[in-house]
Amino acid sequence: MRVLVVGGGFAGAMAAVRLAGRSKGRVEVTVVNPRAAFVNRIRMHHVAVGRPVPFPSLSGLLGSGVTFVEGYVTALEPELGRAEVSGPAGIRTVSFDRVILATGSTTERAPIAGHQHVYGVGDIDAAHGLRPALASLSEGSTVTVVGGGLTGLETVAEIAESRTDLDARLLTAGEIGGWFDTRGQEYVRGTLARLRVDAVGGTRVRAAEPGRLHLDSGIEVPSDLTVWCGGFAAPPLPRESGIAVDEQGAVLTDAAMRSISHPSVLAVGDSGHAPGPRGGRYSMSCQFAFPSGAHAADVLLREALDDAGENPGREDADALDLGFLGRCVSLGRRAAILQLTDKEDVATGRSAVTGRTAVMIKRVQLAGMAAAVSTERRVPGLVRWPKGEPVTARHTQTVTG
């Protein structure tokens with residue numbers, strides 16, 4: 001079996017090394033990625049403010065058992081098992097029997113008038129674009145972060161701490177820190193206040209123009225630089241390839257990560273919309289990316305063994321059984337919060353861990369992304385994840401897009 005993995009991030013790299021290692025030569029694995037480096041997505045706010053961020057070699061991380069091709073998949077034909085790749089070595093065709101889409105997500109364009117005046121930070125291209133714009137601001141300039149989710153909180157805190165000469169503002173439609181439990185909310189708000197962030201909840205931005213933002217309330221506020229952290233969207237490759245996707249462009253899959261419209265296609269991480277325990281989508285995060293990639297690898301390994309007659313009588317892999325544990329959010333270098341959650345990623349009451357303990361946990365998490373891939377490469381099948389409430393692998397849903 002020939003398996004093409006499109007994308008070498010958390011989910012794609014994990015899927016590739018696990019499948020190559022566990023198949024012991026039965027499966028040929030090729031990874032196509034636009035960059036030769038492994039990008040740690042949860043450090044994009046660090047890139048934006050100029051903090052040193054390591055970018056290890058992706059081919060080195062994947063190891064000799066995986067073929068790495070640097071480039072973009074510009075055309076994908078699932079029915080023909082063929083992909084066109086454009087990269088530094090030119091244009092080439094890669095043939096496959098199965099394909100794992102792990103293209104991740106990109107910063108969603110701000111759905112407001114004047115969106116061209118707004119920056120993002122959710123992916124490496126956006127972070128690289130924001131970095132020089134932020135560095136060029138003079139003392140006393142105002143930076144506004146729009147969106148009070150976890151990405152918005154990490155971004156505004158990092159900017160406020162690293163650029164104390166700027167006026168930092170956070171605007172969000174919801175409550176400040178509203179996702180956290182009571183203790184967590186108090187900690188988040190207190191930390192932002194200590195960092196002198198002007199945090200305003202219950203506010204929506206209607207339009208942007210150079211130097212200012214127009215709010216739904218009719219008020220205009222100054223903003224020399226605006227960072228949009230309002231949401232993410234999947235790259236257009238699946239939709240352009242005729243694969244069934246949701247409104248954000250993520251591939252609609254069953255609970256075994258397999259496309260509901262193209263059985264030869266699996267989608268993992270942010271690029272896939274797999275049904276969660278109660279039919280909703282799993283939260284986009286590294287907690288879903290790694291297990292989804294590993295699970296897709298196990299699905300294809302079992303299929304390869306069946307094809308070779310080495311797995312007689314076994315059905316296809318079960319549905320992904322994943323339970324969340326918590327979210328660790330940095331608020332600058334000296335503050336962090338670990339919010340424990342239930343298995344469906346909902347904050348549980350009065351269980352937030354804060355202070356130095358949370359800071360150390362966050363540092364371990366940041367350093368552990370590449371380590372998780374290299375560990376799986378050295379000991380295939382080692383990576384495990386907490387269990388949740390399983391759903392049927394044959395669950396389907398309405399196709400849109």
Side-chain angles (χ1 to χ4, degrees), residues 1-33 59 61-69 73 76-83 85 93-103 238 241 243 251 253-269 271-272 274 289-322 372-385 390 392-394:
M1 179 187 291
R2 300 163 301 171
V3 175
L4 170 64
V5 181
V6 184
F10 296 163
M14 176 59 68
V17 298
R18 188 178 182 95
L19 182 56
R22 297 195 70 195
S23 68
K24 298 180 180 179
R26 298 178 182 86
V27 179
E28 299 176 11
V29 181
T30 299
V31 171
V32 174
N33 193 66
S59 61
L61 197 63
L62 296 174
S64 59
V66 175
T67 300
F68 172 64
V69 178
V73 173
L76 182 69
E77 299 176 280
E79 296 89 349
L80 300 178
R82 185 169 62 199
V85 179
T93 298
V94 177
S95 299
F96 58 84
D97 301 303
R98 301 290 183 269
V99 59
I100 299 177
L101 294 177
T103 49
S241 304
I243 299 169
V251 177
T253 75
D254 63 17
M257 310 290 111
R258 198 184 300 277
S259 164
I260 64 173
S261 64
H262 291 73
S264 64
V265 177
L266 288 81
V268 296
S271 62
F290 281 134
S292 67
H295 188 76
D298 293 346
V299 168
L300 292 183
L301 173 62
R302 184 171 297 183
E303 187 176 334
L305 293 177
D306 286 344
D307 291 345
E310 299 178 37
N311 195 35
R314 296 293 297 275
E315 295 181 357
D316 196 7
D318 295 333
L320 174 66
D321 187 0
L322 168 64
V373 177
S374 61
T375 297
E376 177 66 28
R377 187 192 72 237
R378 293 193 298 270
V379 188
L382 182 66
V383 169
R384 295 288 187 269
W385 50 90
T392 173
R394 302 188 186 280

- Note on the structure: Here the gap from L300 atom CG to D306 atom CG, rounded to the nearest 0.5 Å, amounts to 11.5 Å
- Under the side chain to side chain contact (heavy atoms under 4.5 Å, CB included) test, residues paired with S23 that sit two or more places apart: R26, V27, L301
- Message: Please identify which of these residues, V265, V5, T30, L76, meets the side-chain contact (heavy atoms from CB on, under 4.5 Å) condition with F96.
- Response: L76
- Task: Considering non-hydrogen atoms only, spot the tightest contact between P78 and H262 and give its length.
- Result: CB-CD2, 3.8 Å
- Query: How far apart are the closest heavy atoms of L382 and R18, and which atoms are they?
  - Reply: N-NH1, 4.4 Å
- Task: Would you indicate whether the side-chain heavy atoms of T253 and R258 approach each other to under 4.5 Å?
- Result: no
- So how far is it from I243 CD1 to S271 OG, rounded to the nearest 0.5 Å? 10.0 Å
- Test item: F10 and V373 side chains (from C-beta on) under 4.5 Å apart, heavy atoms: no
- Message: Show, in sequence, the C-alpha distance, side-chain angles and deciding distance for T67 and E28, and conclude whether the side-chain contact (heavy atoms from CB on, under 4.5 Å) test is met.
- Response: CA-CA 8 Å; T67 300; E28 299 176 11; over 6 Å; no
- Task: Would you mind reporting whether L62 and V29 have side-chain heavy atoms less than 4.5 Å apart?
- Result: no
- Note on the structure: On a heavy-atom basis, the closest approach of V299 and A256 is CG2-O, 3.6 Å
- Query: Does M14 reach the side chain of V383, with side-chain heavy atoms less than 4.5 Å apart?
  - Reply: yes
- Measure across A20 and V66 and return the closest heavy-atom pair with its distance rounded to 0.1 Å. CB-CG2, 3.7 Å
- Item | Contact check, side chains of D298 and R302, non-hydrogen atoms, under 4.5 Å | no
- Is any side-chain heavy atom of S264 closer than 4.5 Å to a side-chain heavy atom of R98? yes
- Query: Which value, rounded to the nearest 0.5 Å, describes the distance between D254 atom CG and I260 atom CD1?
  - Reply: 8.5 Å
- Item | Minimal non-hydrogen separation, G8 against V31, with atom names | CA-CG1, 4.2 Å
- Message: Restricting to non-hydrogen atoms, name the atom on V251 and the atom on P238 that form the minimum distance, rounded to 0.1 Å.
- Response: CG2-CB, 3.6 Å
- Task: Can you measure from CG (L305) to CZ (R22) and round to the nearest 0.5 angstrom?
- Result: 8.5 Å
- Message: Show every side-chain hydrogen bond (donor to acceptor under 3.5 Å, both in side chains) that has at least one partner inside residues 2-16, sequence neighbours left out.
- Response: R2-D97
